[in-house]
Every structure is written in C-alpha cells, then in structure tokens.
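For clarity, every value in this text was computed on a predicted model and none was experimentally measured.
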Amino acid sequence: VLSFSCLPDLREDDHPPCTAENKQVIESQCNVLKSDKFKVCHDRVNPEDFVEICIYDMCQYDGMKSALCDIVQAYVETCKNHGITIKWRNSTFCPLPCPSRSHYKDCVSACPSTCNDIFASSLCEKTEECTEGCECDDNYVLSNGKCVPLSSCGCRDDDNNYYSVSSLSVEQTSGFKKC
C-alpha cells in the first residue's frame with residue numbers, strides 16, 4: 001500500500017528587507033485601506049490581505065509610493081467587482097498623471113470625443129461601467145492621443161472622409177480643396 005503525504009515546508013519565511021523604523025512608516029501608509037474612506041467595502045472585501053501585500057511590496061521596493069498606489073488600486077478594483085465604487089484618488093494621494101490640457105476624473109467616457117468624431121462621447125452607448133482616467137479639458141478633444149483645441153481639428157469632405165490639419169497641403173488649405 002502506497003502512502004502519500006506532504007513533506008513539511010522547511011523554507012524560511014520570505015521577509016522583505018525593512019528596517020524597524022521603515023516598516024512602521026510603511027505599515028501606517030498601507031493601513032489607509034482600513035480607513036473610513038474604504039470602509040464601505042470592508043464587509044465584502046477584507047483589506048487585511050491587501051495590507052499585508054502592500055507592506056511586503058513597499059518594503060521590497062524601499063517605500064516606493066507607486067507600490068502603495070498599485071495595491072490600493074487593486075483593492076478598489078476588487079471592490080468595484082463587488083458592486084462598490086470608491087472615489088479615492090486626489091491631487092495628493094496617488095494622483096493619476098494626465099497629459100497637458102486634460103484632467104483626472106474618477107469616471108470617464110469609454111468613447112471620448114476626438115477630432116474624427118467630436119460627438120462620440122454624447123453618442124456613446126451609456127453604460128454603468130466607467131473607469132478612472134484623464135479627460136480633455138473643455139474645448140479640447142483627442143487627436144492622435146493628445147488633447148488639442150477644437151480649432152486645430154481637420155475637416156470632412158462631401159464623402160465624409162476626415163482630413164487632419166497636418167494632412168492638408170498648402171494648395172488644399174488655400175482653396176483648391178475645401179472641406
């Protein structure tokens with residue numbers, strides 16, 4: 001008769017390199033997940049595992065703030081999967097860097113307005129799903145991944161073909177071809 005059993009795990013626990021002083025600071029930062037801001041989700045998603053991962057990662061990466069922000073974002077996304085939305089970013093805590101002429105919003109359209117389709121966001125099928133991200137400032141729209149003034153957008157011809165300003169030649173802009 002063969003007997004199968006597991007051997008004991010004799011490996012040492014893998015503790016990240018953290019000084020006692022550093023660990024105390026990092027623990028207090030990671031414990032933000034236990035704060036009132038995230039309390040609405042605590043019954044559905046226990047923050048303890050996320051706090052432990054946060055402490056480990058931040059110790060491993062010498063207190064790197066992006067490690068904290070990544071774990072908080074993972075927690076918030078897990079909460080969102082359970083139907084709970086938490087507004088958590090601000091200009092001082094894990095701000096999402098946005099390109100010039102744009103700003104952060106906790107809920108942006110899945111179909112932003114572009115030079116090619118200025119009305120995309122208003123015609124977009126409205127869903128409950130949204131994601132955080134950057135949105136162009138008023139009177140700016142996306143063009144090739146950058147927010148540009150509406151006045152910098154190209155035009156459409158009679159066949160509904162779109163021409164960017166940069167694709168129009170001097171002859172076209174001086175009247176030989178007008179949109």
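Atom CG of residue Leu150 and atom SG of residue Cys115 lie 7.0 Å apart, to the nearest 0.5 angstrom. Summarising the geometry, atom CE belonging to Met64 is positioned 11.0 Å from atom CD1 belonging to Ile26; distances are rounded to the nearest 0.5 Å. Interatomic distance, Leu68 CG to Met58 CE, rounded to the nearest 0.5 Å: 5.0 Å. The SG atom of Cys147 sits 11.0 Å away from atom CG of Asp138, with the distance rounded to the nearest 0.5 Å. Rounding to the nearest 0.5 Å places CD1 of Ile86 at 6.0 Å from CZ of Phe38. Glu135 contributes atom CD, which lies 9.0 Å from atom OG of Ser102 (distance to the nearest 0.5 angstrom).
The two residues Val141 and Cys153 make their nearest non-hydrogen contact at CG2-SG, 3.5 Å. When every heavy atom of Val51 is checked against every heavy atom of Cys30, the shortest pair comes out as CG2-O, 3.7 Å. Heavy atoms only, all atoms of each residue included: Leu142 and Gly145 are closest at CD2-C, 3.9 Å. Pairing each heavy atom of Ile84 with each of Cys41, the nearest pair is CD1-CA, 3.8 Å.
Salt-bridge annotation for Glu132 and Arg89: present, with a side-chain N of the basic residue lying under 4.0 Å from a carboxylate O of the acidic one.
In this structure, the side chains of Val76 and Cys79 stay at 4.5 Å or more apart for every pair of heavy atoms. Inter-residue side-chain proximity for Asn81 and Val45 is flagged as unmet; no heavy-atom pair is nearer than 4.5 Å.
Among pairs with a residue in residues 20-33, those fulfilling side chain to side chain donor-acceptor pair (under 3.5 Å) read Asn31-Lys34, at least two apart in sequence or across chains.
Aromatic ring orientation, Phe93 versus Trp88: perpendicular (interplanar angle above 60°, classes split at 30° and 60°).
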Can Tyr75 and Val72 be said to form a side-chain contact (heavy atoms from CB on, under 4.5 Å), step by step?
-> CA-CA 5 Å; Tyr75 183 78; Val72 173; 5.6 Å; no
Go through the steps for Asn90 and Thr92 under the test side-chain hydrogen bond (donor to acceptor under 3.5 Å, both in side chains), then give the verdict.
-> CA-CA 5 Å; Asn90 62 42; Thr92 58; 2.9 Å; yes
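Clustering ILVMFWY residues whenever any of their side-chain heavy atoms sit less than 4.5 angstrom apart, transitively, puts Val32 in a cluster other than the one holding Val25.
Under a 3.5 Å cut-off, the side chain of His42 and the backbone N or O of Asp36 do not form any donor-acceptor pair. Judged by distance alone, with hydrogens and angles left aside, the side-chain atoms of Ser152 form no donor-acceptor pair with the main-chain N or O of Val148 at under 3.5 Å.
No more than 12 heavy-atom neighbours from other residues, nucleotides or ligands sit within 6.0 angstrom of OH on Tyr61.
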